Q: 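To start, I am sharing the structure in question, which I have written as structure tokens.
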Amino acid sequence: VMHATYQPKDVEARWYKVWEESGSFRPEVNPDGEPYCIVIPPPNVTGVLHMGHALDHAIQDVIIRRKRMQGYAALWLPGTDHAGIATQNVVERELRIEGLTRHDVGREAFIEQVWAWKAKSGNTISNQMRKLGDSTDWTRERFTFDEGLSQAVRKVFVDLYDNGLMYRANRIINWCPRCHTALSEIEVEHEDDPGELTYIRYPFVDGSGFVTVATTRPETMLGDTAIAVNPEDERYADAVGKTVMLPLMDREIPVVADDAVELDFGTGAVKVTPAHDPLDFEIGQRHDLEPIIVIDTEAKITVDGGEFFGMDRFEAREAVRSRLREIDAIEKIEEHPHSVGHCSRCHTVVEPLLSLQWFVKVDPLVGPAIDAVKDGRTRFVPKRWENNYFYWMENLRDWCVSRQLWWGHRIPAWYCQDCDETIVSMEDAVTCPSCGSSKLVQDEDVLDTWFSSALWPFSTLGWPEETDDLAKYYPTTTLVTGFDIIFFWVARMMKMALQFTDSVPFTDIVIHGMVRDMAGKKMSKSTGNALDPLELIDEYGADSVRLALIQSAAPGHDIPLNTDWIDASRRFGNKLWNAMRFAVEFMDVSGVPADGGYPDDPGPEDAWILSRLGAVTAEFDDLLDEYRLSDAYGLLYNFAWSEVFDWYLEMAKSLTEDDQRAASMRQTLGVVLRDVLKLFHPATPFVTEELWDSLGDGSTLIITSTWPQVPEFAAPESVDSLQRIVSDIRRFRSQHHIANKADVPVIVAPSDDLPDWWLNQVASLSNSQPTIGERPEPVAGHTRLSAPGVEAYIPLAGLVDVDAERPRLEKAISEIEANLSKSNAKLQNANFVDRAPEDIVAAERARVDDMERELAKQRTLLAELG
RNA sequence: GGGCGUUUAGCUCAGUUGGCUAGAGCACCGCCCUUACAAGGCGGGGGUCGAGGGUUCGAGUCCCCCAACGCCCACCA
């Protein structure tokens, strides 16, 4: 016996266990199937499931469950990312509670502690994914720090080095003074800052006046080694080649000419600090200027002996300014809003620092990655993201991959203490191949987490080993992710895959939007507008959360979400539940075969719903093939509710035991519900599995059942006329406030013989007692209902007030007249008749004929009201 | 400074290559506990498709321009 309402809590955990333990998530359930593979965007191992994951995973699960049912060897490969900075931060926070830093503990012990943390808390997100219903193959779960994946990372590093694509150099990099590590360009977020532009006078050494420069960072003047002006700038033509005295530091520095200086910004003269600004560094290189480091990795001033020594950079900014003011070197200070880089992880203002780091040379890698998308080997859905991808690729700078962290893949480079040789190799270096010394020291740094993520599509399948999985599932088919990590991740996977596997990593890249609140704001914990998917699953059930996300996720668009959507999905689940409950308990629909089973000789209602099922299934499949999940499930939702439940199920209620059509209807009902469950299963796996269980004989699971065929049946016109007459009767009742219980005498005048079933359905669906007859004499008027092949009349005498019917008719007449004149105008336009396609013109003529007939009849009715 | 997106019913959004009277969910109004579901059924009201111009027999849809909002990118210090 089924509950009167659907109780998700009762069923979700139970079915997930059954699926997992039966191996249903493994591609081996379809051993002969064509491979289809999605690798999951690995969540941070420190992560907890948020709405973004829920959306991302719901989409992937819909895709993979459908492919599985379609017979593919469908693999959805799960795993997590070791997330260098984030994970290290978590464990460092734990240490801080004990008053310790990682340096107190030491490198080895610290890493052990991170592993211990991972063992304890690292599967949080995996368990949350189970609650969501993700059908990932857990037997293939991977971690970016696994032995195998670490080998892949090492091989890639060494190969890049051997091919000159990995190098170590002194460059200006983005430094986070709080995380104490270098960052790549894209780990820096630019935010508007109400800054100030300080105009400082630098006097010429020869006493011929001064040159004024404008800067947002006066504190860096301590490290100035030149002033630069544009060579075209006539204002400074005489100044080039002279020297100025650097205030506060009493250092003579040259005035140089460089194209990089803008003529119309500030004063046209710029102070050059090669050690603390990327542009200045380049200018410095062109003019042979010595970089002077004045800010350290703590963002403190390092100028020995000076009054600023040890000051924080922002403190120093004020101190430098106030000293400059004292010596009257400041011309003015202007407000100057500009954007300042922040660490994407901790939001500290990043410090550009000159530093020795490892870089990937990206130029040779981008060409193939661009070509692969240009020639369609990989495509973006929606396509417009390709432009962003191209633009990004074409403007890449070398990727700084070394991080001054402990948690990550250690850089496989050793430095000889005796001869300065650098050794990069697969094997740990013991002796220097150059001088034979054994005094080798390994690089202290680890690699950017995204470096290992970039290998994810092939490293997870076993690369560089030539595993069976790699041979079978690589290249993978589809990648599903948000636009926010196209640059961090997608672009890098493309580059690395083409370089190391000579293949694209996936053929389709499906980009979805972000989950936002109803005000369009990004959901985040800090602003307090975040919905927690786990709380929602607890309250509404996982299926409701999934269906709401899928239905609102138009491809590539952000989705505003509130609980109303989820509640609507929950109500749908309940409707589905009750429809099935009714079919099973009252219609005796059970034991429906999992495959085939369409009736050989369906009744008219059966043929109608089967024709609709066929059309909907075909369109649904087309939409899903194009990754239009929201449209597909919107279509299916309306079909199930408005057609199957509201019409067909009601028609089936007239089924009686002695009815000849009973068997056909029972079978049709079973088959239609079975296919509806299957089509819904990828989106709402739990409720459909539970209902499948009550529908069938318990010998199969819906998760591994076969995808519905497209039944081909023609809808008989009689069902259309039936529905129209029934709707008209209902409308008539409603407009005249006639109670449901009161009989409405309907006289049906068919153009041909009408079968009993038709009259019975009208009676049942409209709660009326229709009789066959001629058009009645208008005693006190009657209303007329019409549909193809049939007309029906409701005499008004004694039933309704004639005065209430008159405005109804008048309104109907004026509506028809308006449309008729519109259509006539069209047809009187010679251009339309001549140029529009024939079928369009013919359809318009037919409409006019229909409307004219209808208009005449309605006018007669009005006249007959008297 | 570039690039992209959005603007359609009270709200949130669909609307595919131009073609029946522009749709859905929620909200709203009326009637109804009819052998599953009141978390439901039946019926209804509500939109000059952001503004302007153009192409076309025909434009929510294609082109141009404008406006508002949002996002991404960018070394003008």
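In what follows, every chain begins at residue 1, and chains take the letters A, B, ... in the order their sequences are listed. Note that this is a predicted model, so its numbers are computed, not measured.
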Q: Would you please test A/D728 and A/R724 for salt bridge (Lys or Arg N to Asp or Glu O under 4.0 Å) and show each step?
A: CA-CA 6 Å; A/D728 281 348; A/R724 286 164 69 160; over 6 Å; no
Q: What integer number of Å spans the P atoms of B/G54 and B/U8?
A: 24 Å
Q: Looking only at heavy atoms, what is the nearest atom pair of A/P8 and A/Y540, with distance?
A: CG-O, 4.0 Å
Q: If you check every side-chain atom of A/T215, which of B/G43, B/A14, B/A77 has the closest atom?
A: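 Among the listed nucleotides, the one closest to the side chain of A/T215 is B/A77.
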Q: Is it the case that A/K653 places NZ or CZ above or below the six-membered ring of A/F586, under 6.0 angstrom from the centre and within 45 degrees of the axis?
A: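 No, A/K653 and A/F586 do not form such a contact.
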Q: Would A/E196 and A/R321 pass as an ion pair if we require N to O under 4.0 Å?
A: yes
Q: Might you list the N or O atoms of the protein lying below 3.5 Å from N or O atoms in nucleotides 5-9 of chain B, with each pair's distance?
A:
none

Q: What residues in residues 189-198 of chain A put a non-hydrogen atom under 4.0 Å from any atom of RNA chain B?
A: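 Result for residues 189-198 of chain A: none.
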Q: Tabulated below should be each protein N or O lying under 3.5 Å from an N or O of nucleotides 33-39 of chain B; please produce it.
A:
residue: B/A36; atom: O3'; partner: A/R581; partner atom: NH2; Å: 3.3
residue: B/A36; atom: O2'; partner: A/N578; partner atom: OD1; Å: 2.6
residue: B/A36; atom: O2'; partner: A/R581; partner atom: NE; Å: 3.3
residue: B/A36; atom: O2'; partner: A/R581; partner atom: NH2; Å: 2.6
residue: B/A36; atom: N7; partner: A/K653; partner atom: NZ; Å: 3.2
residue: B/A36; atom: N6; partner: A/E650; partner atom: OE2; Å: 2.8
residue: B/A36; atom: N3; partner: A/N578; partner atom: O; Å: 3.1
residue: B/A36; atom: N3; partner: A/A579; partner atom: N; Å: 3.4
residue: B/C37; atom: O4'; partner: A/N578; partner atom: OD1; Å: 3.0
residue: B/C37; atom: O4'; partner: A/N578; partner atom: ND2; Å: 3.3
residue: B/C37; atom: O2'; partner: A/N574; partner atom: ND2; Å: 3.4
residue: B/C37; atom: O2; partner: A/K575; partner atom: NZ; Å: 2.7
residue: B/C37; atom: N3; partner: A/K575; partner atom: NZ; Å: 2.9
residue: B/A39; atom: N3; partner: A/R570; partner atom: NH2; Å: 3.1

Q: Indicate, with a heavy-atom threshold strictly under 4.0 Å, whether A/N767 touches base, sugar-phosphate, or nothing.
A: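 Contact class for A/N767: none.
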Q: Which nucleotide sits closest to the side chain of A/D564: B/G44, B/C26, B/G15?
A: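 Nearest nucleotide to the side chain: B/C26.
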Q: Could you write out RNA chain B as dot-bracket? Rules: Watson-Crick or G-U wobble, both distances under 3.5 Å, brackets [ ] for crossings, | for pairs with another strand, dot for unpaired.
A: (((((((..((((.....[...)))).(((((.......))))).....(.(((..]....))).))))))))....
Q: Step through the shown structure and confirm whether more than 12 heavy atoms of other residues, nucleotides or ligands are within 6.0 Å of CD on A/E191.
A: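 More than 12 within 6.0 Å, yes.
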Q: Across the strands shown, which category fits A/D631 at heavy-atom distances under 4.0 angstrom: base, sugar-phosphate, nothing?
A: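 The residue A/D631 makes sugar-phosphate contact but no base contact.
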Q: Kindly point out which of B/G25, B/A77, B/G44 is positioned nearest to the side chain of A/A568?
A: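 For the A/A568 side chain, the nearest candidate turns out to be B/G25.
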Q: Less than 6.0 Å separating the ring centroids of A/Y6 and A/W577?
A: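 So the answer is yes for these two rings.
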Q: Can you work out whether A/D277 or A/R628 has the more 5'-proximal nearest nucleotide on RNA chain B?
A: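 It is A/R628 whose nearest nucleotide is closer to the 5' end.
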Q: A/R217 and A/E351: salt bridge (Lys or Arg N to Asp or Glu O under 4.0 Å), yes or no, with the steps?
A: CA-CA 11 Å; A/R217 299 201 60 194; A/E351 188 60 41; 2.9 Å; yes
Q: Can you tell me which residue pairs pass the salt bridge (charged side-chain N to carboxylate O under 4.0 Å, His left out) test with a partner in residues 837-847 of chain A, sequence neighbours excluded?
A: A/K826-A/E844, A/E844-A/R847
Q: Between A/V726 and A/A830, which has a closest nucleotide on RNA chain B that is more 5'?
A: A/V726
Q: So which nucleotide from B/C73, B/C75, B/A14 ends up closest to the side chain of A/R397?
A: B/C75
Q: From the set B/A77, B/A14, B/C72, return the single nucleotide nearest to any side-chain atom of A/F487.
A: B/C72
Q: Would a line drawn from the ring center of A/Y627 to the ring center of A/H512 be shorter than 6.0 Å?
A: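 No; A/H512 has its ring centre 6.0 Å or more from that of A/Y627.
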Q: List the atom of A/I200, the atom of A/P218, and the distance in Å for their closest heavy-atom pair.
A: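 Heavy atoms of A/I200 and A/P218 come nearest at CD1-CB, 4.3 Å.
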Q: How would you label the contact of A/V261 with the nucleic acid (heavy atoms, under 4.0 Å): base, sugar-phosphate, or nothing?
A: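 Since a base atom lies under 4.0 Å of A/V261, the category is base.
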Q: Check nucleotides 18-24 of chain B against the protein and report each pair of N or O atoms closer than 3.5 Å, with its distance, or say if there are none.
A:
residue: B/C20; atom: O3'; partner: A/R847; partner atom: NH1; Å: 3.1
residue: B/U21; atom: OP1; partner: A/R847; partner atom: NH1; Å: 2.3
residue: B/U21; atom: OP1; partner: A/R847; partner atom: NH2; Å: 3.2

Q: Does B/A77 have OP1 or OP2 sitting under 4.0 Å from an N or O in the side chain of A/H336?
A: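 For B/A77, OP1/OP2 do have a side-chain N/O of A/H336 under 4.0 Å.
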Q: Test A/Y637 against every option in A/F620, A/F572, A/F645 by the ring pair (Phe, Tyr, Trp, His ring centres under 6.0 Å) rule and name the one that passes.
A: A/F572
Q: Evaluate A/E386 against A/R384 for salt bridge (Lys or Arg N to Asp or Glu O under 4.0 Å), listing each step before the verdict.
A: CA-CA 5 Å; A/E386 290 180 2; A/R384 67 185 152 84; over 6 Å; no
